[in-house]
Amino acid sequence: QVQLVESGGGLVQAGGSLRLSCAASGRTFGSYVMGWFRQAPGKEREFVAAISWSGGSTYYTDSGKGRFTISRDNAKNTVYLQMNLLKPSDTAVYYCAARRSRLYSNYGGDYDYWGQGTQVTVSS
C-alpha cells in the first residue's frame, strides 16, 4: 500500500508560481511512474504531467508544456510539480498519483494510488 500526501497549493495571482509536493510512503516509490492530474469544478479530471521511475523521462499535457516542470527525488520519496506563469484556467484541485508500473500513462484509470488533492486557485 502506498499513501500519497500533496501540499503546496494555495491562492496565487495570474502569472505567479506555485510548487506542489507529493510525499509518498512505501519502499517501492522508486519503481513507480508518478503523475499529476487536476480537476476543475464541473469538469472531468485531466492529466497534467508524469515522470518515469528514474526521473529520466517526463510527459506533459500541451497546456503545461513550457510552464510546468515535474521532478522527483526518490531518496525523499517525493515528487514535485513546479508551476510557472499560472493562469486562471489552471484553477483546480491537483492530485498526485502513483502507477505500479514503469510504463508511462496519461490515463487516470491506469494509476493505482491517489492523494487527497490540493487546491490551486489562480486569480485574474
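None of these values were measured; they are calculated from a predicted model. Hydrogens, waters and symmetry mates play no part in the numbers below; they use all other heavy atoms, side chains included.
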Using side-chain heavy atoms (C-beta onward) and a distance below 4.5 Å, is [X] in contact with [Y]?
X     : Y      : answer
Leu81 : Val48  : yes
Tyr94 : Gln119 : no
Phe29 : Met34  : yes
Trp36 : Cys22  : yes
Asp90 : Arg67  : yes
Tyr80 : Thr78  : yes

### Task
Might you point out which heavy atoms bring Val2 and Ser25 nearest each other, and give the distance in Å?
CG1-O, 3.5 Å

### Message
Give me the atom names and distance for the closest heavy-atom approach of Ala14 to Ser124.
### Response
CB-CA, 4.4 Å

### Query
Is Arg100 close enough and on-axis enough to Tyr32, meaning under 6.0 Å and within 45°, for cation-pi?
no

Test of understanding: clusters of I, L, V, M, F, W, Y form through side-chain heavy atoms closer than 4.5 Å, transitively. Do [X] and [Y] belong to the same one?
X      : Y      : answer
Tyr104 : Val79  : no
Tyr59  : Leu20  : no
Leu18  : Ile70  : yes
Val93  : Val122 : no
Tyr60  : Tyr95  : no

### Message
So does Gly9 get a backbone contact from the side chain of Thr118, meaning a donor-acceptor N/O pair under 3.5 Å?
### Response
yes

### Message
Tell me every residue that passes ring-ring contact (aromatic ring centres under 6.0 Å, His included) with Phe37, counting only those two or more places apart in sequence or in another chain.
### Response
Phe47, Tyr111, Trp114

### Message
Just by distance, no angles: are the side chains of Asn84 and Ser17 close enough, under 3.5 Å, to form a donor-acceptor pair?
### Response
yes

### Task
Output, in order, the C-alpha distance, side-chain angles, deciding distance and verdict of side-chain contact (heavy atoms from CB on, under 4.5 Å) for Ser31 and Arg102.
CA-CA 7 Å; Ser31 63; Arg102 292 191 173 185; 4.2 Å; yes

### Message
Between Phe68 and Ser63, is the side-chain contact (heavy atoms from CB on, under 4.5 Å) condition met? List the steps.
### Response
CA-CA 9 Å; Phe68 294 176; Ser63 64; 5.8 Å; no

### Message
Quick check for you: to the nearest 0.5 Å, what is the distance between Arg72 atom CZ and Ser21 atom OG?
### Response
14.0 Å

## Note on the structure
The reported gap from CD1 in Ile51 to OG in Ser57 (rounded to nearest 0.5 angstrom) is 8.5 Å

### Query
Checking side-chain contact (heavy atoms from CB on, under 4.5 Å) for the pair Lys87/Leu85: CA distance, chi angles, key distance, verdict?
CA-CA 7 Å; Lys87 306 174 183 178; Leu85 300 174; over 6 Å; no

### Task
Show your working on side-chain contact (heavy atoms from CB on, under 4.5 Å) between Arg99 and Asp112 and close with a plain yes or no.
CA-CA 5 Å; Arg99 184 174 190 223; Asp112 302 286; 4.2 Å; yes

### Message
So, applying salt bridge (Lys or Arg N to Asp or Glu O under 4.0 Å) with Arg38, which one of Glu44, Glu6, Glu46 is it?
### Response
Glu46

